[in-house]
Amino acid sequence: MSTTEEKEQTVAENEQEKGGDEQAAEVAPVKPGTWRFLIPIAAFALGFMSHFSLGWVILPPILYAEKQQPIDFSHKLHVDEVGDCEGCHYFREDGSFSGIPELENCAECHEEAMGEDPEEAKLITEYIEPGKEIPWLIYARQPQCVFFSHAAHVKMGEMDCAICHGPIGDSDHVRPYQYNRLTKYSRDIWGWNIAGLSKNGWAYLKQADNSGEIKIEHAARMKMDDCAECHMEKRGVHEACFVCHK
Amino acid sequence: MDSASAPFDSALFPEGVKRCKFKWFLFWLAVLHGPLMVGVIAMLMCWGLALHVTYLNNNYPFGLWIAADLGIIALGAGAFFTGFLRYIVNIEELKNIVNYAVVIGVVCYAAAQGILGVDIGQPLRGWFIFWHANVHSMLTEVAFCITCYFMVLCIEYFPLILENRQINKLRFFHGMAHHLHGAMPTIAAVGVFLSFFHQGSLGGVPGVLYGRPFAYREGFLVWPWTFFLFILSAIACGPCFTILVTWITEKCAGKRLVKRNVIDILAKISGRLLVLYLVLKTLDTVYWVAIAGKAGAPLSSFYANQPFGYWVLITELGILGVIPAIILLNAKARQNENILIIACILNCTGIFMNRWIMTVQALAVPVMSFDKFISYRPNWVEYASTLMFVWLGAVVIMLSYRYLPIFPQEKELNPS
Amino acid sequence: MKLDRRTFIELAVGFSAGAGGGFMLTPVNWKLMDDMTIWSQELWPRYQLGGLKGRLPQQGKVTHADSVCNLCPGGCGITVRKVGDRATKIEGREGYPVNDGGICPLGAAGLQLLYGPWRIPSPLKRIGKRGSGNFEKISWDEAINKVVQKLGNLRQKGQSHTVACILGSDEGTVPRLFDRFLAAYGSPNFIRTASAEDTYELALGLMQGTTGSVGYDLERANFILSFGSGLIEGWGSPVRVIQAHSTWRSGDLKDRATVVQIEPRLSNTAAKADNWYPINPGTEAALALGLAHVIIKESLYNVDFIGKHTFGFEDWSDSSGKTYMGFKRLVRTEYTPEAVSKITGLPAKKILTLARAFAKAKRPVAVWGRGKGTVSGSLYECMAVHALNALTGNINKPGGVSARPQVATRSWPEVERDATAWSGSRRPRIDGAGSNRYPLTRYLPDRWSQVMNGGKAGAIQALLVHGADPYYTTLDSAAVAKAFEAIPFVVSFSTCLDETAYHADLILPNHHYLERWEDIPTPVGLQKPILGMLKPVVSPQFDTRHAGDVLMTIAKSMGGSVASAFPWDDYETLLKETMGDNWGTLEKAGYIVNEGYKPSAWSKAFGTPSGKFEFYITAFDQAGVKIGKDVGYLPHYEPVQPEGNPATYPLILIPTELMRLADGAVGNPPFCTKTLEETELKKNDLFVEVNPKTAADYGLSEGHHAMLETAKGKAKVLVHLFEGIMPGVIGIPKGLGHAAYDDYLAGKGVSANSLIGVVEDPVTGLSAAWGVRAKLTRV
Amino acid sequence: MKEVHHKADEHHGAHEKTYKYGMVVDLDKCTGCGACMVACMAENNLSFRKDNSDRLRSNLWMRVYKISNGRPFPDTDISFIPRPCQHCEGEGHHHTPCVSVCPATATDYSHETGIVSQVYTRCFGCRYCMAACPYHVRVFNWWDPTWPKGMEKYLNPDVSVRMRGVVEKCSFCYHRYQRAKNKAYAEGRRELHEDEYQTACTQACPAGAITFGDLKNPEHKVHKLKKSRYAFRLLEKLGTNPKIYYVSTRDWGRKAGEVYAGEEPKGVTHVTHA
Amino acid sequence: MFPFAFEWVPEATRYVFMGSLYAVLISLIIILHYCAIRAFLDMICKKDDHNSHH
């Protein structure tokens, strides 16, 4: 049966269930044996509940996989030590954004161990000495068809990084990188809630309330609708496709 | 029909009718199974290997598939028009054929959607046409109305299923069928509204292309004249197709299924509509030559390249247009069954040719002065995947004819 | 409630309906539908990308690196855009004196040769039969030892003269390194592949007594008379000439330059020219002399230059009183417009108007060098065309012709030769250049294979090939193949698996031009000396080494005087030393231009025995060239008969050179093959161009197969009816017919060189063949 | 649906300056060399196949047409027309032919730049836009694009790699516009100068035959060049209002812009003097 | 597809187009529900008059 007929049938079944409850009350006491119609309804309810929970509770976690970052990097420690963000995340002169720093940025200070933190030891032995780039898992990596200009948003839009990335600057640990098994998209991009409803991406770390003057509880979801909505809100214009696509 | 020799599934047959032995039924299913499988292979090749398996190319993005799509839906117009005549214009006799028209409609619209499924380059993204619809595009309108009207046809087909002898025994389904029959006029009205639009917007598909002087037509508001011409030609040809298929089914079943007067009503109506269409079509052709000339494309340029010579214009309007019109208008000619069927065949091929011209020839005619004329021929993959839906339709019709009460007059015409 | 059929159905239907409804209301299947769509958007293309392990191209830091393109002698400056360490785009370099920002299709597709599967990944040793194309990887040391050992015992057996080197050019440090190696090793056989340069050097040497190659000041010329040169189809330095062509087409109409193309076929140059004069193929010299006749008759020539600075224009008598015919009398008597019209097929009236226009133009220049200038051509034809420049006095003047030197570099210390080196070097060359039969010519690249096939089979025991693909580019491919069979040891230094490497015994792969340092001599035809510098833009992608380093390692490991000839420890130090004080600017800017260079004044310009521009070549006798008749000393029309007797081969086949088809030492990258027209290549079949009238005579029709036969070979081709080619002439594009490379190029079309043989110029011995007689029959 | 507090003030994007990018191609200078075709392929990750000789199925964004005046030997003359996407704007009630027909809004006309975009992840390959475009600009991926091992290293990350079953076309190297805007934003300005955004074919053309710029801006070269007496556009009469102007002193060459009239265009041989 | 989607442009054609689509869908759903309820009621209260007009 094609899905359309199934839909009619289920609609019919729903009726039956709803109809059945109100009817049962006021119509004349039904002759024995007429309770038989309860069998399909019970079967229906059983099927409904089982698959409903299957869809909302059991399957979603399987859809997403989790990976740990190669190194448990602490932003807080580095911001305190280095003092600013531009050391690692800066604008190149052609306006492009450097994004995640390369190994040579880390190697500038971490040529030899500066503390006894095992993570730093791991950094030096596994990456700096062999000169292998750190395979960071980027939470906000957009799909290949998306062009995102940090210059436009940070320089022109004067937006604060936390708006999209959440208060990652104050984090002491890196949260696990969750991604969709099928599409390999980070969960930050396509929405934490399986229904795509935007949800607080940062809540998983159960971050204590920090004192920064930007009161941002969570990272905004970075899906197409959010960008479009923000553009409509901020620039009041319906953007052409090529503004964000390439 | 004593129970000893009756086929073992006779319990499912509608009351008082005879059907062939089950093994014959299986035999014919097996026969149809062959070309069906070839079509499925062709479809899987298109999906698996990408569309280079066809003879389509960058000059011919539209080929047999789109022409067949438009043709099949035009032929499927019999469903909505017969429904319109039966439920809204209230011609009582048509109730004997409206069921079969609905079955043919379901088959045609399923075929159209199937062909689109194979034709588009990324079938997985087919739902984008609904999710990110561009309301100004004719193709969006076509897609919306075809899917909605397919739902309407399924709802109209649904009670027929419920009236199967065994299913009808269940009280709820019996009641459901009964009430659906009651609601049929409103459903048919919704169907007519939908069909009016998508038959038109299928005409709009070539008509709005102002980059192609051959296909472009001015119009009324946003709808080019081909919008109205396509509707008119569809309802002129739909009933003929229904008559044709009924005749074929009678030949296969080897018995009379519908009274002659029902066929005659349909033939008369489609004859008149065909004449109206021919008049408007010639007017449109004259007007089209004028505006195309203004845009710098003389009429000769449209027919300068073989095989699309002037014979195309003459055959489409002349042989496949005027002759069936004459036959269908003449009462005596309509009585003679063979002549009627010939008229129906001519009418249907005429509509198919018109759709082929408006899609494939529209692309064949060069537009830039340094464009070369390139001819196109479908290859077996395109034929097989298009015909697959015809065989699928035949299977559905066989099943419906065997188990569902399609023809009310059958018992009357073949007293056992 | 017993489980009868009815309840079972009810239970089953109820449950499944509930399940369906329930599942529909969960987001899972809608999400899976969305995810499957994303799979078709992003993951699907990843699996098509082999190398990046399925990852799509990654962003990175964008840098630009300047270098020079080495894919043809044009020497254009390029800028390579890099993302991270990946080179992603080659663009023309703004402000580079040769091409100033423009680039040609081959140059723009350079990255396909850098990263493509054609690259040779490491030294290869042939294991199968020659030409089978199967090789096995060997290490560098093993490969170098093989060469050293082979060359070593050849030297011991006193056969040092049987080693030959074939290179694409003889200027620049690496070719001079090979020359020096042969000098130290003891072999005279340094051969440069054929090009119009060979004949032009001789013509300038004989008529003007100058060394150095020809320079055309095209930018400032205002009347360009081209004798079959594909000016905008890759002649000279392609981008520079196309930019010059744009200057001719700029400004308002009345003072734009006039371009006249003399060619039997409507090439792109002929189409863009102001006038196209189709003449019978091979009769260019006659037309030039016909024009000279009109100019002299109507005394439109430059009296000052002809009077004071030329010799042999008027009749003259030597000390012993014997009188000799001057150029003027020869031309006035034998090349009247009517006579020339009969030879060339051009109406006399047009010859008159053309001659007058040419002479009256302010800065006219006559250009020689058929097609892209890859064929040597006839000496007398070159002299006849150069004589026209002399008549208008446009030598060493703005908008004219001049002999242009190279940028000076520091010379290398003298080679001390030991006994074998000394004796070997003085042995006669394999190709007969410099022998008393051909005293003037330095290299005869088309002749060595004829000599080897003509009885001296063992003449070459070892062949080193660098920067050239002689197996493919030499005329008469069958003879070349036979000659290659007779060479026991062939070594190729090629970057890609070209035809020669495919048939080599050992391949020592050179770096790609974007991976190495090397100096690039002045591009062909440029009027001012410039020295470009290849700079490594990307780190070497494969296990390849610089050809200079490899050669020095070979020389050093051979020891003795061969080793001592190479005092530098590696190629880079050699390069730094040779460039001298230019190295600073070269390393930074990437090129050096003698801005101040101006060709010398007439009085000091000519180094001929008479000290003047010589119409009558006195140098022939001094060099011992045996000239038969008196007219042989003057530029005259000596018809070069194409091979094949006219009875069996009624038509004439001429090679055509397309801008979008590389026909030199570099295979055509896939991007360029993709730009070919539908009337040039169809699947693997090549189109030849035929005039509709000729096609009608032979029953040929558009797009159908035909068998093309010449004395040298046979090939199945497709016919393209082209109104623009002279009836009776067939045009075949050069550049296809490769067996090497891979499916993107191998097996496509037919090589024109396999159909055209060598017709030797009587004086120089170079190949003067401009075509061949052919037969085209319907298949 | 989600509460986000923006630190930045609520200024609505000041309505930025709009451009109308277009091109003027001088057909006298164009030598038909094809450098623009190859530069376009290298810049925009165009795929290639072992046999590209079937022009009907090879995806060229910039295609150089070879046209002839159709006259017999020796009056034959040929010329070349480099034909990128015309980025039609449409006139009056005619919108851009391909944008108005796309059912899934996979292509759209940007009024800020006048460029017709094509989003490859939304196109589902119904090919209706290919039927609508009279210039044959839009090409379809009939095959899965693949690159021989190693060659995918030269792919440009600024342009998305297409997949089978989608229509693709010239985007006026829009990624270069995005890059130029990035640089402008970094320098705190919004307007672009003429030389900051040039297409790959313009930059590569050895003959300098292609000039690219803002047709509306008087300082840009194209603004003046398009007014030349010898300028024409392809299929102007149809009302597509394309943005590519061609200049040719050959009168038979200028006839190339007209609608197909059934036979080869006839024209006088091009002779200026001598 | 839906008014709350970001691609929704408040223009006349969109309202008419989508309006008619939703109208058609809703009318179909209403018809089906109506028939289902009536059929269910017939089944439940087993009125015997219904089998007259078979």
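Throughout, protein chains are lettered first and strands after them, A, B, ... in sequence-line order, and every chain is numbered starting at 1.
Only the side chain of D/I67 has a heavy atom closer than 4.5 Å to any heavy atom of chain B. Heavy-atom distances place the side chain of B/L363, and not its backbone, under 4.5 Å from chain D. Of the two parts of B/V135, neither the backbone nor the side chain holds a non-hydrogen atom closer than 4.5 Å to a non-hydrogen atom of chain D. Heavy atoms closer than 4.5 Å to chain B are found in the backbone of D/C133, but not in its side chain. Within the 4.5 angstrom heavy-atom criterion, no atom of D/V167 approaches chain B. In this structure, no portion of B/W127 lies under 4.5 Å from any heavy atom of chain D. Using a 4.5 Å cut-off between heavy atoms, D/H95 contacts chain B through its backbone alone, with no side-chain atom that close. For B/T54, the parts lying under 4.5 angstrom from a heavy atom of chain D are both the backbone and the side chain. Using a 4.5 Å cut-off between heavy atoms, D/S100 touches chain B through its backbone atoms (N, CA, C, O) alone. For D/S79, no part lies under 4.5 angstrom from a heavy atom of chain B.
Contact count versus chain D (heavy atoms, under 4.5 Å) is highest, among B/R212, B/M138, B/K294, for B/R212. Here D/M130 is the residue among D/M163, D/R138, D/E236, D/M130 with the most heavy-atom pairs under 4.5 Å with chain B. Highest contact tally toward chain D, considering only B/I129, B/V208, B/L56, is held by B/L56 [criterion: heavy-atom pairs under 4.5 Å]. Ranked by heavy-atom pairs under 4.5 Å with chain B, the list D/Y135, D/F140, D/F124 is led by D/F124. Contacts with chain B were tallied for D/H136, D/R55, D/K237; D/H136 has the most, counting heavy-atom pairs under 4.5 Å. The choice from B/V53, B/T140, B/L51 that makes the most heavy-atom pairs within less than 4.5 Å of chain D is B/L51.
In terms of heavy atoms, B/Y216 sits closest to D/H93 at OH-NE2, 3.8 Å. Shortest non-hydrogen contact noted between B/F62 and D/C126 is CE2-O, 3.5 Å. Of all the heavy atoms in B/V367 and D/P134, the pair that sits closest is CG1-CB, 3.8 Å. The two residues D/A261 and B/S301 make their nearest non-hydrogen contact at C-CB, 3.7 Å. Between B/G211 and D/L238, the shortest heavy-atom contact is O-CD1, 3.5 Å. Of all non-hydrogen atoms in B/Y210 and D/H94, the two that sit nearest each other are CZ-CB, 3.4 Å.
The backbone N or O of D/R164 lies less than 3.5 Å from a partner atom in the side chain of B/Q122, making a donor-acceptor pair. No donor-acceptor distance shorter than 3.5 angstrom exists from the side chain of B/N58 to the backbone of D/V139, with no hydrogens or angles considered.
A 4.5 Å side-chain heavy-atom check between B/D119 and D/R127 finds at least one atom pair inside the cut-off. For the pair B/S137 and D/P103, the minimum side-chain heavy-atom distance is below 4.5 Å. Under the 4.5 Å side-chain criterion, counting only non-hydrogen atoms from C-beta, D/L234 is in contact with B/M368. With a 4.5 Å cut-off on side-chain heavy atoms, B/L209 and D/Y128 count as touching. Residues B/Y60 and D/L56 are not in side-chain contact: their nearest non-hydrogen atoms beyond the backbone lie 4.5 Å or more apart. Counting heavy atoms from C-beta on, the side chains of B/R125 and D/V166 come closer than 4.5 Å.
How far CG of D/D144 is from NE2 of B/H52: 7.5 Å, rounded to the nearest 0.5 Å. Distance check: D/S58 OG to B/N57 CG gives 11.0 Å after rounding to the nearest 0.5 Å.
Taking non-hydrogen atoms and a 4.5 Å limit, the residue list of residues 374-382 of chain B in contact with chain D, ordered by number, reads B/I374. Taking non-hydrogen atoms and a 4.5 Å limit, the residue list of residues 45-54 of chain D in contact with chain B is empty.
Using modelled atom types and a 3.5 Å distance limit, the side chains of D/R122 and B/H132 yield a donor-acceptor pair.
In this structure, the ring of B/F370 has its center less than 6.0 angstrom from the ring center of D/Y65.
By the neighbour-count criterion of 12 heavy atoms within 6.0 Å, atom OH of B/Y55 is sparsely surrounded, having that number or fewer from other residues, nucleotides or ligands. Within 6.0 Å of atom CH2 in D/W143, more than 12 heavy atoms from other residues, nucleotides or ligands are found, so the atom counts as buried in its surroundings.
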